[in-house]
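Working notes, beginning with the structure itself.
In what follows, chains carry the letters A, B, and so on, assigned in the order in which the sequence lines appear, proteins first and then strands, with residues in each chain numbered from 1.
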There are 2 protein chains.
Amino acid sequence: MAGRTAAVQTRADSVRNRRLLLRAATEAFAECGVDVSMHTIAQRAGVAKGTVFRHFPTKDDLLAAIMTQLLDRLSETADRLLRADDAGRALKDFMGHGIGLLAADRAFCDVIGRPSLQHADVREAIDRLCDTVEDLTARAREQGAVRGDITGTDIVLLLGGIHQTAQPLLDREPRAWERFLEITFDGLRARDREALPHPPPARLRMADPSDVSAATKT
Amino acid sequence: MAGRTAAVQTRADSVRNRRLLLRAATEAFAECGVDVSMHTIAQRAGVAKGTVFRHFPTKDDLLAAIMTQLLDRLSETADRLLRADDAGRALKDFMGHGIGLLAADRAFCDVIGRPSLQHADVREAIDRLCDTVEDLTARAREQGAVRGDITGTDIVLLLGGIHQTAQPLLDREPRAWERFLEITFDGLRARDREALPHPPPARLRMADPSDVSAATKT
DNA sequence: CGAGAAGATGACCGAGGGGTCACGTTGTGC
DNA sequence: GCACAACGTGACCCCTCGGTCATCTTCTCG
């Protein structure tokens with residue numbers, strides 16, 4: 001990427017346009033969801049449609065670039081919260097943060113809602129997120145903040161669920177999700193109750209098995 | 001509608017086609033969600049596209065006809081459960097039933113997910129549902145099965161949320177929602193905890209105020 | 001400043017969507 | 001069985017979308 005002797009160095013206007021494009025797409029996806037058109041994104045970035053496709057071969061690639069970034073930032077938050085003393089509090093804070101992101105980004109909702117047919121990059125980002133959240137949950141479990149049979153996958157899934165619960169109220173009560181997080185987190189607390197009906201899946205393995213090269217990073 | 005002396009009585013093949021159409025549309029919407037095309041629905045019913053539009057002027061009308069029916073059947077279930085002795089059990093059963101319907105019908109998920117821009121008939125059906133669920137919840141509250149600040153609107157909203165939570169697992173674990181219903185219902189139980197962060201809206205008043213003639217039925 | 005390559009552009013394409021309508025078909029009452 | 005109105009039909013219209021590409025513009029390096 002750096003200045004190799006001579007020859008191919010990415011042009012200045014190209015990187016500028018790429019930045020404009022990413023910003024515009026981030027906003028457009030957040031406001032309108034995944035169904036926003038490439039034309040609209042191009043307009044908002046102030047470039048022509050062809051330019052969008054020069055930087056991102058398909059719409060899916062563009063969406064994946066933005067969603068991956070969003071998911072990774074959420075992973076970082078989870079990572080930071082691993083160092084908190086009160087693991088229960090940390091877990092709840094993480095959930096609040098995640099739900100807040102969902103409430104602010106329609107495309108994010110769309111993406112986590114539909115598990116199948118997803119860009120490999122996004123699946124990997126979700127995997128990374130699950131890894132960290134698993135640790136976060138394990139700590140809360142060990143501290144007795146949540147019941148023993150709650151896993152990180154439960155938590156990640158609940159993010160989308162709690163947001164969905166509050167979504168119809170989002171216009172008039174932007175913070176209504178706090179109510180449902182409170183309710184749900186209360187249900188997660190450790191108590192001497194019988195085991196939950198269904199065990200959670202070991203991992204949130206999304207989509208097809210044709211993707212053999214999944215564990216390159218981790 | 002009945003045989004008026006002479007003149008206009010609906011033709012036999014017309015009512016037959018209408019029935020075929022409704023059945024096909026119900027299945028198609030359930031399998032594919034609201035984005036299934038009118039062409040596909042026509043094919044599945046074994047009629048031409050024009051016939052669909054003869055019976056239902058717009059796609060929205062067709063969708064509303066089916067969703068209304070589904071919502072009203074759910075209302076009936078709630079109504080029946082009003083007569084159960086254990087109101088807490090009844091409320092939980094109702095939730096299980098509702099979530100099961102969501103799990104089996106993608107269009108249903110799509111419709112309850114997006115509150116705005118919805119057919120007036122659907123909004124009214126949701127209103128009717130909310131009414132009954134409010135009663136169901138009130139009984140559970142009075143019997144001490146759920147905390148005092150839980151409303152019927154909470155319950156209706158949670159239906160979509162719990163289903164959404166389990167949706168990514170739906171392919172491999174069709175009954176995974178039972179796990180999350182258990183967790184959530186546990187959070188609803190009466191306990192001496194502080195009040196919930198956000199009060200629920202008095203009603204699930206969906207969409208615009210331009211719809212003045214909302215309370216014609218009820 | 002000039003040459004050349006990398007980038008930007010927008011007209012264009014094919015697919016697929018909802019909705020329409022002139023015409024052919026069929027059920028119904030007399 | 002006749003006539004007519006209601007119904008069924010599918011080609012057609014217009015629109016939007018993701019994606020392409022020949023052409024023009026602009027940055028960069030010498």
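Nearest approach of G98(A) to L74(A), heavy atoms of both residues: CA-CD1, 3.9 Å. Residue G160(B) comes nearest to Q164(A) through the heavy atom pair O-CG, 3.5 Å, listed as atom of the first residue, atom of the second, then distance.
A salt bridge does not link R123(B) with D127(B): none of the charged nitrogens is closer than 4.0 Å to a carboxylate oxygen.
In this entry the distance linking CZ of F56(B) with P of dG8(D) reads 12 Å, nearest Å. Distance I41(B) CD1 to dG17(C) P: 11 Å, rounded to the nearest Å. Nucleotide dT9(D) holds its C1' atom 15 Å from the CE atom of M38(B), rounded to whole Å. Whole-Å rounding puts the R16(B) CZ to dT28(C) P distance at 11 Å. Note: CZ (R54(B)) to P (dT26(C)) measures 15 Å, nearest angstrom. In this structure, H39(A) atom NE2 and dT20(D) atom C1' are separated by 17 Å, rounded to whole Å. Residue L63(A) contributes atom CG, which lies 11 Å from atom P of dG18(D) at whole-angstrom precision. Atom CZ of F53(A) and atom P of dG18(D) are 7 Å apart (whole Å).
Taking every side-chain heavy atom of R11(B) into account, dT28(C) is the closest of dG18(D), dT28(C), dT28(D). Each of dC27(D), dG8(D), dT20(C) was ranked by its minimum atom distance to the side chain of K49(B); first place goes to dT20(C). Checking dC27(D), dT9(C), dG19(C) against the side-chain heavy atoms of D13(A) singles out dC27(D) as nearest. The nucleotide whose nearest atom lies closest to any side-chain atom of A12(B) is, among dG27(C), dG19(C), dG18(D), dG27(C). The side chain of S37(A) lies closest to dG18(D), out of dG10(C), dT26(D), dG18(D). Picking from dT9(C), dA5(D), dG18(C) the nucleotide with the shortest atom distance to the side chain of T51(A) gives dT9(C).
V36(A) comes within 4.0 angstrom of sugar-phosphate atoms only, judged by non-hydrogen atoms across all strands, and of no base.
Crowding of R175(B) atom CZ: a count of heavy atoms from other residues, nucleotides or ligands under 6.0 Å not exceeding 12.
Side-chain atoms of N17(B) and S14(B) form no donor-acceptor pair, as typed in the model, at a separation below 3.5 Å.
Between H55(B) and dG8(D) there is a side-chain N or O to OP1 or OP2 distance below 4.0 Å. Look at N17(A) and you'll find a side-chain N or O under 4.0 angstrom from OP1 or OP2 of dA8(C).
Place K59(A) and S14(B) on DNA chain D by their nearest nucleotides, and S14(B) ends up nearer the 5' end.
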